[in-house]
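Following: one structure in structure tokens, then a few remarks.
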Amino acid sequence: GAVVSQHPSWVICKSGTSVKIECRSLDFQATTMFWYRQFPKQSLMLMATSNEGSKATYEQGVEKDKFLINHASLTLSTLTVTSAHPEDSSFYICSARDPQGQETQYFGPGTRLLVL
Amino acid sequence: GENVEQHPSTLSVQEGDSAVIKCTYSDSASNYFPWYKQELGKGPQLIIDIRSNVGEKKDQRIAVTLNKTAKHFSLHITETQPEDSAVYFCAATPGSGYSTLTFGKGTMLLVSP
């Protein structure tokens with residue numbers, strides 16, 4: 001149980017294009033999902049908290065218009081990196097909080113983004 | 001806000017030895033402390049967690065201890081195996097329903113055969 005999937009697992013795109021990453025909770029409903037960014041050999045940096053049916057809450061320093069988050073259903077949240085640039089290249093990981101597990105977060109496998 | 005310190009940053013052990021990773025936290029309101037294992041190129045995997053009403057929790061070769069007075073918690077891995085090699089992250093949260101996890105900076109564990 002508590003499986004979270006992400007798609008795609010990796011993506012290469014040209015500078016200026018937009019990229020959408022999907023995060024799905026496969027066997028539970030998640031009212032809250034989180035999006036993280038991770039640079040090589042560093043810890044996870046929380047970008048935003050995504051709540052089903054409401055606007056995402058972004059962490060300080062994260063551009064809302066740059067990283068669009070939509071949580072349209074209890075099993076799906078999407079992160080769209082708009083007008084991507086090379087500095088957006090990173091490992092993006094989502095997590096979902098299982099309401100049955102209280103504060104427990106289950107992470108997806110991550111999406112490697114490379115912007116050329 | 002919460003601040004989590006994790007030590008050591010790297011840890012090398014021989015197969016069969018024990019490994020201990022320690023974390024301290026700053027917010028006395030924190031009451032949930034998970035540990036994650038992250039293998040190269042993968043997402044973090046929850047391996048064990050503990051809540052503030054418990055002092056110790058064990059799952060086979062893995063155990064976590066919590067000292068709320070001192071605000072520190074530790075991960076103990078016994079009889080280490082090469083497949084235990086990974087980066088381990090500790091985290092803490094007040095767990096008020098909408099609170100987020102604050103992560104430590106991670107410990108790279110290398111288990112040599």
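Basis for what follows: all heavy atoms, side chains included, without hydrogens, waters or symmetry-related copies. In the text below, chain A, chain B and the rest are named by the order of the sequence lines, each starting its count at 1.
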[X], [atom1] atom: more than 12 neighbouring heavy atoms under 6.0 Å:
X	atom1	result
A:Asp65	CG	no
B:Glu83	CD	yes
A:His7	NE2	no
B:Glu79	CD	no
A:Leu116	CG	yes
B:Lys71	NZ	yes
A:Met45	CE	yes
B:Lys58	NZ	no

Given side chains that start at C-beta, do those of [X] and [Y] come closer than 4.5 Å, heavy atoms only?
X	Y	value
B:Tyr32	A:Thr104	yes
B:Pro44	A:Leu44	yes
A:Arg97	B:Leu101	no

Max heavy-atom pair count under 4.5 Å with chain B, selected residue of A:Pro109, A:Gly108, A:Gly110: A:Pro109
Side chain, backbone, both or neither of A:Gln38 within contact of chain B (heavy atoms, under 4.5 Å): side chain
Main-chain N/O of B:Gly104 paired to A:Ser43 side chain as donor or acceptor, under 3.5 Å: yes
Any chance you could measure [X], atom [atom1], to [Y], atom [atom2], to the nearest 0.5 Å?
X	Y	atom1	atom2	answer
A:Glu103	B:Asp49	CD	CG	9.5 Å
A:Gln105	B:Thr93	CD	OG1	8.0 Å
A:Lys41	B:Ser9	NZ	OG	11.0 Å

B:Tyr36 and its ring-ring contact (aromatic ring centres under 6.0 Å, His included) partner, picked from A:Tyr106, A:Phe107, A:Tyr36: A:Phe107
Contacting region of B:Gln6 [heavy-atom separation from chain A under 4.5 Å]: neither
Verify same cluster id: A:Tyr58, A:Trp35 (apolar side-chain graph, 4.5 Å): yes
Side chain to side chain contact (heavy atoms under 4.5 Å, CB included) between B:Lys42 and A:Ile93, worked out: CA-CA 9 Å; B:Lys42 298 183 179 180; A:Ile93 315 172; over 6 Å; no
Taking every non-hydrogen atom, the tightest pair across A:Gln42 and B:Phe89: O-CZ, 3.9 Å
